[in-house]
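Data block below; observations after.
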Amino acid sequence: MARYTCSFIISVASDHLLPLLVELLQDCQLDIQYHTPEYIIGREVPGNVPFPKLITVEVLIDKSKSTETETRMSIVIKNEELPIHLDNYCRQMFELIKQSIESSRHWHLIESIAG
């Protein structure tokens, strides 16, 4: 199973972050399966890649460490693909979504830590 993680600190209030993240994930061709004010699950829509390569994205918004101007969040992107090659499909999608978060016009990125 391929699995990639990253944590972010961004300059936006946590109350405003959820709808912006839902929109960002949908723009990355993900179907939002579940969300609460602190958690989002998105899945890639079948059709473009084989089922084992379909990715799932989990976003955790850490409201306990958030302030009025900064929010911490973590993402986990995974699929059933064995990560035999460094540049596998899950890694490519991870980089795409990570870049989308880092370059979003809706907030200013303060810190990004890939795990």
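Between Ile101 and Trp107, the shortest heavy-atom distance links the atoms O-NE1, 2.9 Å. When all heavy atoms are compared, the tightest approach of Ala2 to Asn88 is CB-OD1, 4.4 Å.
Annotation: side-chain contact (heavy atoms from CB on, under 4.5 Å) contacts of Leu109 (sequence neighbours excluded): Phe8, Ile10, Glu102, Ser112. Partners of Tyr4 by ring pair (Phe, Tyr, Trp, His ring centres under 6.0 Å), not counting sequence neighbours, listed by chain and number: Phe94. Under the rule for a salt bridge (charged side-chain N to carboxylate O under 4.0 Å, His left out), the partners of Lys63 that lie at least two apart in sequence or sit in another chain are Asp15. Among residues two or more places apart in sequence or in another chain, the side-chain contact (heavy atoms from CB on, under 4.5 Å) test is passed with Asp31 by Gln33, Val45. Partners of Ile110 according to the side-chain contact (heavy atoms from CB on, under 4.5 Å) rule, which considers only residues two or more places apart in sequence or in another chain, are Ile9, Ser11, Glu70, His108. Under the side-chain hydrogen bond (donor to acceptor under 3.5 Å, both in side chains) criterion, Arg91 pairs with Glu95, sequence neighbours left out. Considering only residues two or more places apart in sequence or on other chains, Asp27 meets the side-chain contact (heavy atoms from CB on, under 4.5 Å) condition with Glu23.
For the pair Thr71 (side chain) and Val12 (backbone), a donor-acceptor distance under 3.5 Å is present. Using modelled atom types, one side-chain atom of Ser100 and one backbone atom of Leu96 make a donor-acceptor pair closer than 3.5 Å.
How far NE2 of His16 is from CG of Leu20: 9.0 Å, rounded to the nearest 0.5 Å. Atom SG of Cys28 is separated from atom CD of Gln99 by 10.5 Å, given to the nearest 0.5 angstrom. Taking CD1 of Ile97 as the start and CD1 of Ile77 as the end, the distance is 4.0 Å to the nearest 0.5 Å. The NZ atom of Lys98 sits 11.0 Å away from the OG1 atom of Thr5 when rounded to the nearest 0.5 Å. To the nearest 0.5 angstrom, Met73 atom CE is 10.5 Å from Ser66 atom OG. One finds the CD1 atom of Ile113 at 9.0 Å from the OG atom of Ser74 (value rounded to the nearest 0.5 Å).
In this structure, Leu25 and Val59 have side chains that are in contact, with non-hydrogen atoms separated by less than 4.5 Å. Between Leu54 and Val49, some side-chain heavy-atom pair lies under the 4.5 Å cut-off. Annotation: side chain of Ile61 is not in contact with side chain of Pro37 (no heavy-atom distance under 4.5 Å). Proximity of Leu30 to Ile55: side-chain heavy atoms (C-beta onward) are separated by under 4.5 Å at one or more points.
With a 4.5 Å cut-off between side-chain heavy atoms of Ile, Leu, Val, Met, Phe, Trp and Tyr, the cluster of Met1 takes in none. Through ILVMFWY side-chain contacts below 4.5 Å, Leu86 is grouped with nothing and stands alone.
For residues 37-47, there are no salt bridge (charged side-chain N to carboxylate O under 4.0 Å, His left out) pairs, not counting sequence neighbours. Each salt bridge (charged side-chain N to carboxylate O under 4.0 Å, His left out) pair with one or both residues in residues 47-61, not counting sequence neighbours, appears once here: Glu58-Lys78. Among residue pairs with one or both ends in residues 106-115, none qualify as salt bridge (charged side-chain N to carboxylate O under 4.0 Å, His left out); sequence neighbours excluded.
When hydrophobic clusters are built by joining Ile, Leu, Val, Met, Phe, Trp and Tyr residues whose side-chain heavy atoms come closer than 4.5 Å, directly or via intermediates, Leu17 is not grouped with Ile41. Using a 4.5 Å cut-off between side-chain heavy atoms of Ile, Leu, Val, Met, Phe, Trp and Tyr, with links allowed through other members, Leu18 and Ile32 fall into the same hydrophobic cluster. Cluster annotation: Leu21 is not connected to Val76 through the hydrophobic network of ILVMFWY side chains, with a link wherever side-chain heavy atoms come within less than 4.5 Å.
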